[in-house]
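First the proteins, then the strands, lettered A, B, ... as listed; each starts at 1.
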There are 2 protein chains.
Amino acid sequence: MPDAAHPAPMNERRKFRREGEERRRQDLIDATLDSVAEHGLEGASLRTIALRAGVTAGLIRHYFPGKEELLQEAYAALMGRMTEQAKAALVMEGASPRQRLAAFVTANLNAPIIDARVFSLWATFIGRAGADPTLARAHREGYLGFRNEVEAVVAEVLGAEQRRPDANELRHHAIAINAILDGLWVEGCLAGEMFSPGELATIGVKAIEAELGLAPEKGEDK
Amino acid sequence: MPDAAHPAPMNERRKFRREGEERRRQDLIDATLDSVAEHGLEGASLRTIALRAGVTAGLIRHYFPGKEELLQEAYAALMGRMTEQAKAALVMEGASPRQRLAAFVTANLNAPIIDARVFSLWATFIGRAGADPTLARAHREGYLGFRNEVEAVVAEVLGAEQRRPDANELRHHAIAINAILDGLWVEGCLAGEMFSPGELATIGVKAIEAELGLAPEKGEDK
DNA sequence: AAGCTATTTATACACTTGCACAATAAGGCT
DNA sequence: AGCCTTATTGTGCAAGTGTATAAATAGCTT
């Protein structure tokens with residue numbers, strides 16, 4: 001819509017700025033994620049995306065071979081940010097393994113990881129994993145990477161308690177803990193207002209400590 | 001495509017049979033779910049759906065006001081079948097509460113509940129829950145119903161052990177157990193071949209018994 | 001057998017979609 | 001200052017979309 005303050009002569013070509021390549025690609029990917037989150041894959045047309053990014057639709061083809069590639073890159077970017085945030089909570093210096101585990105769980109069950117928009121994106125993309133092997137592989141890698149992180153922390157925690165679980169035990173613990181985190185994440189994203197702040201984290205920490213057979217902390221029993 | 005054995009005269013109008021209303025609606029809903037599972041919401045056009053159902057596109061409008069209503073009914077049907085199957089495992093006569101819980105968990109972590117197609121459908125629809133309040137409410141109801149079932153079984157199990165949890169404790173247990181089931185369900189659906197048969201159920205039963213603080217069964221420790 | 005009715009097909013329409021490509025101008029280089 | 005590259009716009013197109021509606025016919029009623 002033409003700005004009333006700057007009445008544009010008719011047929012004037014739209015002014016534009018040249019952005020750096022990396023910047024433009026990021027903007028387009030962000031606009032894609034926004035569009036998908038808001039209107040689903042179906043509503044994310046090239047024109048919608050371009051409008052959101054402040055460019056015209058034709059430009060997209062200058063940066064991406066086609067729509068499919070744009071979507072795949074957008075999904076990869078989303079997964080990258082998610083796992084990055086999730087793992088960031090693990091780098092705590094000078095904390096006991098058990099404290100690190102609790103911090104990890106708490107971080108994963110609060111904002112910004114618990115987020116309806118991110119969940120919507122995840123679900124929309126993952127729903128196509130069955131049909132699109134590219135998406136399926138991207139998920140698999142993200143999942144396994146995350147689970148390996150979990151498994152490493154679990155090994156540390158149990159090691160600090162003088163317990164020596166075998167490989168299979170360790171794997172089962174990691175799978176179960178991962179499931180607890182995933183499940184609570186889904187519930188929190190879908191119905192966050194049903195839980196008081198921090199409640200999901202409390203539930204998660206307790207469930208995971210129970211899974212690992214850790215004695216309750218002093219004063220932690222209600 | 002015309003059958004070679006019955007060469008059709010040109011411009012012959014397609015033959016058809018009148019099915020009962022209920023039957024047709026079901027066929028259309030099934031065709032919708034198939035289309036969505038295979039090509040996603042975007043690829044599920046009225047013509048695709050009609051083709052799958054063996055009718056022409058125009059007929060859909062005779063049974064549904066528009067595409068959106070068809071999708072909503074399809075989602076409702078999907079949720080209905082899922083929760084119905086899930087709860088069915090609970091009706092075991094003459095079993096101890098603990099056995100019933102274990103059977104419930106096992107049933108929910110094996111086929112046909114663990115199913116890539118159903119998961120794909122669930123994810124695709126739930127991804128739109130953020131934007132579509134109708135879908136969000138449908139999910140909420142299904143989720144709460146399921147969680148209440150879980151809570152009831154938990155109360156029975158703990159009651160049989162002479163334990164009297166308060167309401168909040170009970171709620172937390174139900175949320176945690178629900179998360180374990182959801183999380184393992186997701187993992188199983190997305191990467192079923194990474195787990196040996198029955199492995200997810202084993203992990204789930206152990207994790208849930210740990211959550212409830214139940215002593216391991218005799219001979220159950222590895 | 002004839003007629004009725006509502007299920008079903010078929011066609012039309014306005015609109016959107018992804019993609020192709022020519023035209024243009026922004027901004028660095030000399 | 002002028003030029004050259006290429007990022008960006010704008011237009012066009014064929015295919016597909018949901019919806020509206022007219023035409024046909026399957027199967028029941030009488």
Side-chain angles (χ1 to χ4, degrees), chain A residues 1-3 8-32 35-36 38-74 124 128 132, chain B residues 1-3 6 8-32 35-36 38-74 128 132:
Chain A
M1 124 186 22
D3 189 334
M10 293 180 50
N11 288 344
E12 184 179 346
R13 197 169 233 259
R14 171 177 176 163
K15 296 284 190 280
F16 62 92
R17 284 202 328 139
R18 294 188 167 197
E19 300 284 353
E21 162 161 358
E22 219 43 53
R23 168 72 185 276
R24 262 282 132 80
R25 289 179 70 89
Q26 264 314 309
D27 283 352
L28 286 172
I29 285 179
D30 287 340
T32 302
S35 298
V36 172
E38 212 165 299
H39 305 105
L41 273 177
E42 19 158 15
S45 71
L46 293 182
R47 286 167 177 84
T48 304
I49 294 169
L51 184 67
R52 244 200 165 84
V55 297
T56 47
L59 185 59
I60 294 183
R61 286 262 314 177
H62 192 73
Y63 288 98
F64 301 91
K67 190 187 181 184
E68 189 157 341
E69 286 82 1
L70 171 58
L71 286 174
Q72 283 168 359
E73 287 210 31
T124 302
R128 287 195 40 168
D132 187 337
Chain B
M1 128 186 19
D3 188 335
H6 302 87
M10 292 179 50
N11 288 345
E12 184 180 345
R13 204 183 171 91
R14 171 178 176 161
K15 295 285 191 278
F16 62 92
R17 283 202 329 139
R18 295 188 167 193
E19 300 284 352
E21 161 162 359
E22 219 44 53
R23 169 72 185 276
R24 265 284 188 262
R25 290 180 68 89
Q26 265 313 311
D27 283 351
L28 286 172
I29 285 179
D30 287 340
T32 302
S35 298
V36 172
E38 211 164 302
H39 306 104
L41 273 178
E42 20 157 16
S45 73
L46 292 182
R47 286 166 177 83
T48 305
I49 294 169
L51 184 66
R52 244 199 165 85
V55 297
T56 48
L59 184 60
I60 293 183
R61 287 260 315 178
H62 195 260
Y63 288 98
F64 302 91
K67 190 187 183 185
E68 187 157 342
E69 287 81 1
L70 171 59
L71 286 175
Q72 283 169 359
E73 287 210 32
R128 286 196 39 166
D132 186 337

Rounded interatomic separation in angstrom, taking CZ from R17(A) and P from dA7(D):
15 Å

Heavy atoms only: give me the nearest A57(A)-R47(A) pair and the separation to one decimal.
CB-CG, 3.9 Å

Would you check if the side chain of T32(B) reaches a backbone N or O of L28(B) as a donor-acceptor pair within less than 3.5 Å?
yes

Is the shortest side-chain N to carboxylate O distance from E38(A) to R52(A) below 4.0 Å?
yes

Look at Y63(B) and dT8(C) and indicate whether a side-chain polar atom (N or O) is within less than 4.0 Å of OP1 or OP2.
yes

Roughly how many Å is it from NZ in K15(A) to P in dG10(D), rounded to a whole number?
10 Å

Rounded to whole angstroms, how far apart are CZ on R14(B) and P on dT25(D)?
14 Å

In sequence, state the C-alpha distance, the side-chain angles, and the governing distance for K67(A) and E42(B), and then conclude on salt bridge (charged side-chain N to carboxylate O under 4.0 Å, His left out).
CA-CA 13 Å; K67(A) 190 187 181 184; E42(B) 20 157 16; 5.0 Å; no

Just to be sure I understand the geometry, which residues of residues 20-29 of chain B put a non-hydrogen atom under 4.0 Å away from DNA chain D?
none

Do any N or O atoms of the protein come closer than 3.5 Å to N or O atoms of nucleotides 1-6 of chain C, and which pairs are they?
| unit_1 | atom_1 | unit_2 | atom_2 | d |
| --- | --- | --- | --- | --- |
| dA6(C) | N3 | R18(B) | NH2 | 2.7 |

Protein-to-nucleotide contact annotation, 5' to 3' order, nucleotides 17-24 of chain C [B base; S sugar-phosphate only; - none; under 4.0 Å, heavy atom]:
BBBS--BS

F64(A) near the nucleic acid: base, sugar-phosphate alone, or nothing, with a heavy-atom cut-off under 4.0 Å?
nothing

Just the rounded figure in Å: distance from C1' of dT7(C) to CG of L59(B).
7 Å

How long is the straight-line distance from NE2 of H62(A) back to CD of E21(A), given to the nearest 0.5 Å?
7.5 Å

Across all chains, not counting sequence neighbours, the salt bridge (charged side-chain N to carboxylate O under 4.0 Å, His left out) partners of E73(B) are R25(B)

Which dot-bracket string describes DNA chain D (Watson-Crick N1-N3 plus N6-O4 or O6-N4, or G-U N1-O2 and O6-N3, all under 3.5 Å; [ ] crossing; | other strand)?
||||||||||||||||||||||||||||||

For a 4.5 angstrom cut-off between non-hydrogen side-chain atoms, does F64(A) reach L46(A)?
no

Rounded distance (nearest 0.5 Å) linking atom CD of E22(B) with atom CG of D27(B):
10.5 Å

If every non-hydrogen atom of R14(A) is compared with every non-hydrogen atom of T56(A), which pair is closest and at what distance?
NH1-CG2, 3.8 Å

Is there side-chain contact between E19(B) and V55(B), with heavy atoms separated by less than 4.5 Å?
no

Just jot down the salt bridge (charged side-chain N to carboxylate O under 4.0 Å, His left out) partners of E69(B), sequence neighbours excluded, or say none.
none

Heavy atoms of S35(B) and T48(B) approach each other most closely as OG-CG2, 3.8 Å

In short, V36(A) meets A44(A) closest at the heavy-atom pair CG2-CB, 3.8 Å

